[in-house]
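Take a look at the structure below.
Atoms within a ligand are numbered from 1 in the order they appear, just like the ligands themselves.
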Amino acid sequence: MEIKLFNNLTRQKEIFQPITQNEVKFYSCGPTTYDFLHVGNARALVVGDLIHRVLMALGYKVNFVRNYTDVDDKIIERANEMKADAIEYAARFVKECEQDMNSLAMLPATHTPKVSETIPEIISMIEELIKNGFGYVVDGEVLYHVPKFKDYGKLSKVQLESLQHGIRVEVDGHKKHPSDFVLWKPAKVGEPSWDSPWGKGRPGWHIECSAMAKKWLGKTIDIHHGGVDLQFPHHENEIAQSEAANGCLFCKVWAHNEFLNFGSIKMSKSLGNVVTIRKFVETYSGAILRHILLSVHYRSKLDWTEESISKAITEMERIHEFVILLNKSKASSQEDLEEVKKISESFESIRTELANDFNIPGALGHFFGVIKDFNRQIKMGVSSQYLNEVIKCVELVKLSTGLIHDHPEKILSELNHARKNLTGSTDGQNELEIQMLVEERKEARSSKNWARSDEIRNRLNELGVSVKDNPDGSVSWSYK
Ligand code: AMP
Ligand code: ZN
């Protein structure tokens, strides 16, 4: 199947052609591990997982590398404040991050390298850069000379001249050019350090991703992903390093996810407007967070609101109530070819949306159409072919999005609990759902689908609602 991806390098959608047929070399910039991650970080992680899953679901073998930055100024600063060893401190937050990723139903990456375990490869890449005339040494520090790399700016479209403008030269007296960046920093007291040809020290930030991508994926990779804030300077510098060291193209397709915003401002640790993944999972659930994060296309901004939580809960209930009903359903009709065709067309439409730059909202739109069709058809009886086509859609959405979970009953009770914890808009939302359920129960009863009608009554019970069937055929409901 043809996949179209938006490539930030060319700023257009392109047909994806991997270097090796049916295989994808995919790198995503992972977290810096010095604190609990917030739901904005979760967006970047879940989008990385989504790219991995969709490519797999569309038949590719994906070699997926996502790093941990476990050597960094912020980690060292925080560890020193806590009187802890920086590497051990970072290792603790790698574990916390793994716990968060599990709660978000993320599949494991193929490799999850750490800076502290990649030092020899980093050093040899810096040596290569010095040999090729791109790196230079000043007092134990190694710097990358940006003007030497003629393609600098090809991703972010920044102009070197404009970068120079307004920068006071005396600030960075040891640099040949104000845009030159650090490849290797000399060791300071109280910091982790390693031996190198330039004395004891540690890597700068950007070099780790160039070295890890090369180590695990080779010199040229297919797709590189990260948050949109990483485009410049991080990804621009990765290109400059890798292409100058390896003498060939670094990456074919660059994908960047947009921000998760809180009141139109980026959610960010430094601004203090964060909700941690841990806190959200405790109050609601990881499955709900995943649903919110994937309900908006990865290249659109996502506004964090209570309404987005409430909407996710409603959609998830719809999906998992459908799965419960599907699991119990048995074929009872011999032939419904037209209906089967409709579902198999929906399956193709879901695949097409997935292959259209990971358009999850589009794919879910078709999937909800399948649910609607199924809920109607099941009352009249369906064939085994029909059920098989529906199951194919479920399996596709499950693998590619991770939005359909095992143990749907457990998910429903989690959702119920989450709704109780949601304030403000909750009541209106609840009533909307109750109204929909009451209507659906009426339909179920009139088509003598007693099993469904009982299920709905139980669900209403969980929501604290009792229903009364009046002698004139109308139904009234009230809170118990
Ligand atoms: P950091 O720990 O700040 O280096 O961020 C780790 C990853 O999370 C990077 O890919 C960032 O681009 C991404 N990120 C941080 N904040 C947000 C946000 N509010 N929305 C989306 N992605 C974010
Ligand atoms: Zn990176």
Side-chain angles (χ1 to χ4, degrees), residues 8 26-51 64-75 77-78 90 93-94 96-97 100-101 104 106 109 111-115 118 122 125 155-156 181 203-217 221 223-242 250-251 254-277 280 289 292-294 296-305 308:
N8 237 353
F26 171 41
Y27 188 95
S28 176
C29 288
T32 306
T33 52
Y34 66 104
D35 205 341
F36 287 95
L37 299 180
H38 57 76
V39 295
N41 300 130
R43 185 173 198 196
L45 289 170
V46 166
V47 168
D49 180 61
L50 177 76
I51 296 174
F64 174 26
V65 177
R66 187 191 50 240
N67 67 306
Y68 286 112
T69 300
D70 68 341
V71 178
D72 173 84
D73 290 347
K74 281 180 278 193
I75 298 172
E77 211 176 285
R78 191 66 73 85
F93 281 101
V94 168
E96 301 290 6
C97 181
D100 287 342
M101 290 196 283
L104 288 168
M106 288 173 56
H111 303 284
T112 50
K114 300 188 186 108
V115 181
T118 317
I122 290 173
M125 194 169 225
L155 173 66
S156 59
F181 58 89
W205 172 30
H206 313 294
I207 192 71
E208 67 185 67
C209 291
S210 286
M212 291 172 185
K214 184 178 181 179
K215 177 174 179 179
W216 296 105
L217 299 172
I221 67 173
I223 306 176
H224 195 310
H225 157 256
V228 68
D229 53 334
L230 299 186
Q231 182 174 226
F232 183 82
H234 184 52
H235 291 162
E236 198 66 61
N237 291 351
E238 278 187 43
I239 293 175
Q241 295 164 153
S242 295
F250 172 45
C251 174
W254 286 85
H256 294 102
N257 64 269
E258 251 300 344
F259 285 142
L260 181 150
N261 287 336
F262 200 88
S264 80
I265 303 166
K266 177 196 173 192
M267 184 177 284
S268 145
K269 235 170 284 179
S270 54
L271 296 172
N273 59 348
V274 298
V275 178
T276 63
I277 301 175
F280 187 91
L289 179 52
I292 297 170
L293 297 173
L294 291 183
V296 171
H297 189 265
Y298 78 96
R299 282 191 291 115
S300 302
K301 291 190 169 61
L302 193 163
D303 285 319
W304 186 256
T305 60
S308 55

If you count the atoms of ligand 1 from 1 in the order shown, which ones are under 4.0 Å from a heavy atom of His38?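 Those atoms are 16 (N).
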
With heavy atoms of Gly227 as the reference, note each atom of ligand 1 found under 4.0 Å away.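 Under 4.0 Å from Gly227, ligand 1 has these atoms: 10 (O), 12 (O).
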
Closest non-hydrogen protein atom to [atom], residue and atom name please, with distance?
| atom | value |
| --- | --- |
| atom 12 (O) of ligand 1 | Asp229 OD1, 2.3 Å |
| atom 13 (C) of ligand 1 | Ala44 CB, 3.7 Å |
| atom 19 (N) of ligand 1 | Met267 O, 2.8 Å |
| atom 4 (O) of ligand 1 | Thr32 OG1, 3.9 Å |
| atom 9 (C) of ligand 1 | Leu230 CD1, 3.8 Å |
| atom 20 (N) of ligand 1 | Leu260 N, 2.8 Å |

Please step through side-chain contact (heavy atoms from CB on, under 4.5 Å) for the pair Asp35 and Thr276, ending with a clear verdict. CA-CA 10 Å; Asp35 205 341; Thr276 63; over 6 Å; no

Assign the ring pair Phe36 / Phe93 to parallel, tilted or perpendicular, where the plane angle (0 to 90°) is split at 30° and 60°.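 Geometry flag for Phe93 against Phe36: perpendicular rings.
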
For Phe280, check ring-ring contact (aromatic ring centres under 6.0 Å, His included) against everything at least two apart and list the hits.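 Result, ring-ring contact (aromatic ring centres under 6.0 Å, His included) vs Phe280: Tyr284, Trp304.
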
From CA spacing to verdict: ring pair (Phe, Tyr, Trp, His ring centres under 6.0 Å), Phe64, Tyr27: CA-CA 6 Å; Phe64 174 26; Tyr27 188 95; 8.8 Å; no

If only side-chain N and O atoms count, and only distance matters, is there a donor-acceptor pair under 3.5 Å linking Glu208 with Thr118?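 No.
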
Give, rounded to 10 degrees, the angle between NE2 (His234) and SG (Cys209) as seen from the Zn ion (ligand 2).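 The NE2/SG angle about the Zn ion (ligand 2) sits at 110°.
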
Is Gly40 close to ligand 1, meaning an N/O of one under 3.5 Å from an N/O of the other?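 Indeed, backbone or side chain, Gly40 has an N or O that close.
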
With a heavy-atom distance limit of 4.0 Å, tell me whether Glu258 approaches ligand 1 through its side chain, its backbone, both, or neither.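 The answer is the backbone of Glu258.
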
Is ligand 1 under 4.0 Å from a heavy atom in the side chain of Asn257, in the backbone, in both, or in neither?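 Contact part for Asn257 vs ligand 1: side chain (C-beta onward).
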
Using atom types as modelled and distance alone, determine if a side-chain donor or acceptor of [X] lies under 3.5 Å from a backbone N or O of [Y].
| X | Y | result |
| --- | --- | --- |
| Asn67 | Pro113 | no |
| Arg78 | Ala90 | no |
| Asn261 | Asp303 | no |

Apply side-chain contact (heavy atoms from CB on, under 4.5 Å) to residues His235 and Phe250 and explain how you reach the verdict. CA-CA 11 Å; His235 291 162; Phe250 172 45; over 6 Å; no

So which of Ile265, Asp72, Asn41 gets nearest to atom 2 (O) of ligand 1, if we judge by its closest heavy atom?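 Among Ile265, Asp72, Asn41, the closest heavy atom to atom 2 (O) of ligand 1 comes from Asn41.
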
